[in-house]
Amino acid sequence: MHIQFSQTRPQAARLIAQIADKGKLPSSLSRAMREGAEAARFKGTPGQVFDGFEESGDTVARLAIVGAGMPDAEERLANLEKAGAALAAKYQSIGVEELVLDLSDAGLSAQEAAHVVLGIRLRNWRYDIYRTKMKDEQKVTLETLTIVGAPDGAEDAWTKAGHLADGIEFTRELVTEPANILYPESFVARCRERFEGTGAEIVVLDDDQMEELGMGSLLSVGQGSARGSRLLAIRWNGGKSGEAPTAFVGKGVTFDSGGISIKPGAGMEDMKWDMGGAGAVAGGMLALVKRKAKANIIGVMGLVENMPDGNALRPSDVVTSMSGQTIEVLNTDAEGRLVLADALHWVQQEHEPARIVDFATLTGAMIVALGHEYAGVFSNDDTLAGDLAAAGTKSGDKVWRMPIGPAYDKLLDSPIADMKNIGGRAAGSITAAQFLQRFIADGTPWAHCDVAGMVWSDKPGRTWGKGATGFGVRLIDTLIAETAEG
Ligand code: BES
Ligand code: ZN
Ligand code: ZN
């Protein structure tokens, strides 16, 4: 979407929007608009839209009033995004190319204005490249947003927020792409493209290199796939030289068929977004790198495709991870943890991070527990868990802490190897987290975010339509801003 700031309303504007706080219509409205809004019971609640028409000179333009709620609400910024998102949702396909957002008498701060713009841009995002036969009325026509009457500093505030939008949109794109297009190698290629010229360092390990390092756990997941596996690391040194980085680690299973423990057919298509954790890490890194975050950060993505074939991993196989620990694989569909085990070990050995946060669509049980409102967070460190919870509340990417402990860990003991890869029916999300913890060195603060319920949405939400949400990018961006950038 093309976004520009202007001093005056464009002459031929056909669609104009204004913001209204709860119970307070903009003073510039005509009598017809004012009475129309009242008749339509427009109250100015966040995201409520009333539209009518306005005559100016010899043209008539559509005029939309969108509610932003109370100016002193705790969720003010989220409400303003909701207002922006409501405008995009309503007007993106009406055949109009330009939306003029007139903030002249909205009384917003620069940051507040930027959040309205962010809401519009994020909600206007769509990925229609494979739809060649869309009817005109289905196509997104809204291409340009022109903001007039913006408060001082709004353009700079938007430049910052725009980097975040770039990151979120990149994550959504990766999550949306089907698995015949996005597989480990092409995931890497897309990241190389997107990070080119940003100053980030990219390191990629292929199958042979991972074999050499002894990553038998990650590689075992990809061994039934015709596609190669990859480990992708993106490093950004924006902080003090020599300061230990924050590591983000993502599960990037580009398709999870279940492997030999194959999943039922119904809903299997959802498993194209089993790389949503890695997608969040890629988009989060992009947002941070674009805004030149003053922190040292490393993003690591374990990229594999989980497929059944003659060479595939079998239930009962014992594999050896890079850490030296052996794993009895009892269910090849519990593959995310096998991927993360080696990715987590590698990042500790190679980068000695000060703290680690992993993101993974790890368990269906997480959706049973928390639905689609919160990601589950499991951590060995109260400070990190608290920082994540705070960043979640602030950014809107909410997380809820879950318990871990030795009694759950015991459920992973195996009679033939150091551990098995499943715990049993009870506490499935927790035993998955316990498995990961076995690959974290004592004393390293670590948090695991199970985002299975968050990366994809079956219905439109706050700033997204049906489909990829971009969950995690804002959490990553806010965590770094609040805890690592002095
Ligand atoms: N990718 C799935 C988890 C998942 C399921 C994410 C549904 C999003 C929606 C994961 O690899 C998996 O299959 N987990 C199993 C674990 C079980 C075999 C212990 C599960 O959740 O059923
Ligand atoms: Zn699986
Ligand atoms: Zn999976």
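When a ligand or atom number is given, it counts from 1 through the structure's own listing order.
Remark: ligand 1 atoms within the under-4.0 Å shell around heavy atoms of Thr361 are 1 (N), 2 (C), 3 (C), 6 (C). Under a 4.0 Å criterion applied to the non-hydrogen atoms of Glu335, ligand 1 contributes the atoms 11 (O). The contact set between ligand 1 and Ile367, taken as ligand atoms under 4.0 Å from a residue heavy atom, comprises 9 (C). Counting atoms of ligand 1 from 1 in the listed order, those under 4.0 Å from a heavy atom of Gly364 are 3 (C), 4 (C), 5 (C), 20 (C), 21 (O). Annotation for ligand 1: atoms under 4.0 Å from non-hydrogen atoms of Thr363 are 3 (C), 21 (O).
A distance-only check finds a donor-acceptor pair linking the side chain of Asp450 to the backbone of Leu362 [under 3.5 Å]. Remark: side-chain polar atoms of Glu177 are not paired, donor with acceptor, to backbone N or O of Glu173 under 3.5 angstrom. Judged purely by atom type and a 3.5 angstrom limit, Ser321 uses its side chain to pair as donor or acceptor with the backbone of Gln325.
Here the protein heavy atom with the shortest distance to atom 1 (N) of ligand 1 is Asp274 OD1, 2.8 Å. Atom 10 (C) of ligand 1 has as its closest protein heavy atom Leu362 O, 3.3 Å. The protein heavy-atom contact nearest to atom 7 (C) of ligand 1 is Met271 CE, 3.7 Å. From the protein, the heavy atom lying nearest to atom 2 (C) of ligand 1 is Asp256 OD2, 3.6 Å. In terms of protein heavy atoms, atom 19 (C) of ligand 1 is closest to Ile422 CG2, 3.5 Å. Nearest non-hydrogen protein atom to atom 16 (C) of ligand 1 is Arg337 NH2, 3.9 Å.
Residue Asp270 does not touch ligand 1, judged by heavy-atom distances below 4.0 Å. Heavy atoms of Lys251 found under 4.0 angstrom from ligand 1 belong exclusively to the side chain. In Trp273, the part holding a heavy atom less than 4.0 Å from any atom of ligand 1 is the side chain. Residue contacts with ligand 1, taken as heavy atom pairs separated by less than 4.0 Å, involve Asp333 via backbone and side-chain atoms alike.
Between Phe378 and His448, the gap from one ring centroid to the other is short of 6.0 Å.
Its N, O or S atom nearest to the Zn ion (ligand 3) is what matters here, and for Glu335 that atom is OE2. Here the N, O or S atom of Asp256 that is nearest to the Zn ion (ligand 3) is OD2.
Looking at Asn237 and Arg235, their side chains do bring a donor and an acceptor atom within 3.5 Å of each other.
A 6.0 Å sphere centred on CD1 of Ile129 holds more than 12 heavy atoms belonging to other residues, nucleotides or ligands. Residue Gln138 qualifies as enclosed at atom CD: its count of foreign heavy atoms under 6.0 Å is above 12.
Residue contacts to the Zn ion (ligand 3): Val253 brings no N, O or S atom closer than 2.8 Å. Distance check for Asp274 against the Zn ion (ligand 2): none of its N/O/S atoms falls below 2.8 Å.
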Candidate pair Arg474 and Glu81, rule salt bridge (charged side-chain N to carboxylate O under 4.0 Å, His left out), full reasoning
CA-CA 13 Å; Arg474 308 182 77 151; Glu81 283 176 28; 2.7 Å; yes
For salt bridge (charged side-chain N to carboxylate O under 4.0 Å, His left out), just list the numbers for Asp206 and Arg230, CA-CA rounded to whole Å, side-chain angles, deciding distance to a tenth of an Å, and then say yes or no.
CA-CA 5 Å; Asp206 63 17; Arg230 296 288 184 272; 5.7 Å; no
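Ligand 1 has no nitrogen or oxygen under 3.5 angstrom from a nitrogen or oxygen of Asn331.
A cation-pi contact, defined as under 6.0 Å to the ring centre and within 45° of the axis, is absent between Lys272 and Phe255.
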